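Only one structure is covered here, and it is reproduced in the block below.
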Amino acid sequence: MPELRSLAANSPSRRAHWHALGLSEADLLKPKIAVVNSSSELAVCYAHLDGVAKVVKDAIRAAGGVPFEVRTAAPSDFITGAGKQGSYILAARDIVTHDIEVQVEAALLDGMICLTSCDKTPPGHLMAAARLNIPTILVIGGYQASGAIDGEPVDLEDLWSGTIAERVGGKAKFPLEAMVPQAVRGPGVCAGMATANTMHCVVEALGMCIPGSAPVRANSDKMFDKAREAGARIVAMVQEGLLPRTILTEAAFRNAAAVTLAVSGSINAIKHLQAVAVEAGTDADLFAIWDEVGRQVPVLSAVRPNGPVRIEQFEDAGGAAATMKRLAPILDLTAQTCMNQPLGAVLDAQPDGDADIIRPLDRPISEGPSIAILKGSLAPESAIVKLGVRDPKRPDRFEGRARVFEDTPSAMAAIERQAIAKGDVVILRGQGPKGGPAMGGGASLVLFAIDAAGLARDIAFITDCQLSGLCLKGLTVAEVSPEAAVGGPLARVRDGDRIVIDVPARSLDIDVAPAELDARPWNQNYPNAATGYLAAYRRDVQPMSKGAVTIPTA
């Protein structure tokens, strides 16, 4: 076994503190494992994690380790997204990573298990694993139960979309007050293939959790069984010296991209994986990888919002593991996993699953890509379009006149007064990593309003903001980079400019001469005030090409 780094600092004073916590002299010689817990009474996403932590700690002790529970920030879109137009959500991802560093690295612990739940904790945990490079396993916290009205399932997507529909004169699936007590019926992350469940599948595709973990019903026997396995496995990983940077390689990132594309997951996975790649010290370009892999991978499963399949059905059909078995011919099966086995050996032990819910490669639900990377005169670095399951009524190519908005309230007001016309390209700018800051600003609200107003098939929507993983409406291009707040071309667009979106050509262009576009003045004052942590975030955040990390990059 490699020498425990926790023993490198074993002064009498340090030992005295740990003796006071109940550790024996024998305990001080054992692997010391951080159990990273984002438990919070603010948000149901994390409300059950104390119970998971207890199971994990018991398993670590049984395996010969000593657990130390540490806490981090607990970002949850519907709760901690209420302030500053949602700017704290993405910004909290990096706080989670920093939280882990200042506790786990400062104490020189030997390994860690991260209880991963809502959208920003999986990437925050992976980034910390890559940064600290100590043995790490993630435990998937699972998705929430939802209810039903008149025998028809109702979840948070129904409630959220219904709320916006009624705001712009549409109608919800059921009365809102009837859906409120049914949409969320227990702890865990949002049901559906939104960002959280996408990232849970990404964790498994990367090889950073016990196989067969994602997705999983929160507080189920299966979830607790995987937590126990992780508790035992992390002690073995410390003894083996198996480190995250051995696992988080370009091959693993390619595999994760393929799985996300196959399940038509959230576009947010791209920037999160890019951030992990940066923290791991690799030069992997996830945007280039996504474009390359996307040309090979069809859609194999249509979990909501992509289609009628519910997340429970996807789990029962084999989940991420079964998806990888279908994708095996195009995956790198030599990629290392936390089991100290290559991915191919891990998948051999997993069941094949239901081929009707998770289709084989030769019988896909839809041709790919489910997510495409665009570039052009309006997006010199990158932009992302979510396509999902192909809809013949949604154009792959769109030309229209720009309608520019600097903030969400202005765009919403235009939709509400029916001032958006067929052929318009609605542009919401100044909402990127620096402009938002932290991509706050509510582009998802605008997109759902466009759909609720019946405009999704007749207009296009472009933004430098991020979108909720529940967003799949019309022809929408998000996360345009460089963003407007740093002077990207999006900052210079004017009402009436001709915009051309061509998905087959992977292009996003503005029909304005480059010299004229460059000469146009642009708003060099950030549209949204930022104080406190958000001001520091705005100062430090790197561009999308670096995953919007807040550490210095080359």
Side-chain angles (χ1 to χ4, degrees), residues 267 287-288 290-291 294-295 369 371-387 391-408 410-411 414-415 418-432 435 441 443 446-447 450-451 453 455-467 471 473-524 527 543-545:
I267 67 170
F287 294 89
W290 219 271
D291 183 59
R295 297 174 190 272
I371 301 169
I373 306 298
L374 310 183
K375 290 187 177 183
S377 56
L378 196 55
E381 292 181 356
S382 63
I384 307 173
V385 58
K386 174 75 176 281
L387 301 168
D391 179 355
K393 296 182 180 179
R394 181 186 60 223
D396 280 345
R397 193 176 190 279
F398 193 95
E399 295 185 30
R401 56 194 175 272
R403 290 293 310 280
V404 182
F405 299 94
E406 307 289 348
D407 55 59
T408 294
S410 299
I415 296 168
Q418 300 181 347
I420 303 298
K422 182 177 179 178
D424 283 348
V425 178
V426 173
I427 292 178
L428 177 64
R429 67 186 179 193
Q431 315 295 312
V446 175
L447 180 54
I450 287 170
D451 181 65
L455 295 166
R457 296 188 188 279
D458 298 318
I459 70 170
F461 179 46
I462 298 174
T463 181
D464 52 7
C465 195
Q466 65 181 355
L467 295 174
C471 287
K473 310 290 183 184
L475 184 56
T476 298
V477 183
E479 300 193 3
V480 172
S481 183
E483 62 175 298
V486 299
L490 201 67
R492 295 173 165 86
V493 180
R494 294 177 178 173
D495 281 348
D497 286 342
R498 180 171 167 270
I499 307 297
V500 181
I501 306 170
D502 192 332
V503 176
R506 304 294 194 271
S507 62
L508 175 63
D509 292 298
I510 180 170
D511 189 15
V512 175
E516 178 187 341
L517 192 65
D518 289 344
R520 286 180 179 178
W522 59 283
N523 178 16
Q524 298 190 39
M544 291 300 299
S545 61

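Treat the numbers as computed from the prediction; the structure is a model and nothing was measured.
Here the shortest heavy-atom pairing between K375 and P380 reads CD-O, 4.1 Å. Nearest heavy atoms, D464 versus G430: OD2-N, 3.1 Å. Pairing each heavy atom of G441 with each of Q431, the nearest pair is CA-OE1, 3.1 Å. Of all non-hydrogen atoms in C471 and L447, the two that sit nearest each other are CB-CD2, 3.7 Å. Between V477 and A383 the shortest heavy-atom distance is CG1-CB, 3.5 Å. Nearest heavy atoms, P489 versus L517: CB-CD2, 4.0 Å.
Each of L475, V503, D502 was compared with R397 under the side chain to side chain contact (heavy atoms under 4.5 Å, CB included) criterion, and only D502 meets it. Between V480 and the choices I384, I462, L374, I427, the side chain to side chain contact (heavy atoms under 4.5 Å, CB included) rule is met once, by I462.
Remark: R429 pairs with E406 by the side chain to side chain donor-acceptor pair (under 3.5 Å) rule, at least two apart or across chains. Annotation: side chain to side chain contact (heavy atoms under 4.5 Å, CB included) contacts of P514 (sequence neighbours excluded): none. When the side chain to side chain donor-acceptor pair (under 3.5 Å) test is applied to N523, no partner is found at least two apart in sequence or on another chain. Scored by the salt bridge (Lys or Arg N to Asp or Glu O under 4.0 Å) test, D451 finds K473 as partners (sequence neighbours excluded). Under the rule for a side chain to side chain donor-acceptor pair (under 3.5 Å), D458 has no partner lying at least two apart in sequence or in another chain. For R394, there are no salt bridge (Lys or Arg N to Asp or Glu O under 4.0 Å) partners at least two apart in sequence or on another chain. Every residue meeting the side chain to side chain contact (heavy atoms under 4.5 Å, CB included) condition with A460, not counting sequence neighbours, appears here in chain and number order: F398, V425, I501. The side chain to side chain contact (heavy atoms under 4.5 Å, CB included) check on A419 picks up A414, R417, with sequence neighbours excluded. Partners of S382 according to the side chain to side chain donor-acceptor pair (under 3.5 Å) rule, which considers only residues two or more places apart in sequence or in another chain, do not exist here. Judged as a side chain to side chain contact (heavy atoms under 4.5 Å, CB included), and not counting sequence neighbours, the contacts of T408 are M412, L428, L445, V446.
Remark: the backbone N or O of I510 is paired with a side-chain donor or acceptor of S377 at under 3.5 angstrom. A donor-acceptor contact shorter than 3.5 Å links the side chain of E483 to the backbone of G435.
From Q466, atom CD reaches atom CD1 of I267 across 8.0 Å, with rounding to the nearest 0.5 Å.
Listed by first and then second residue, the side-chain hydrogen bond (donor to acceptor under 3.5 Å, both in side chains) pairs involving residues 485-500 are E399-R498, D497-R520, R498-D511 (not counting sequence neighbours).
Under the 4.5 Å side-chain criterion, counting only non-hydrogen atoms from C-beta, I420 is in contact with V426. For the pair R506 and D291, the minimum side-chain heavy-atom distance is below 4.5 Å.
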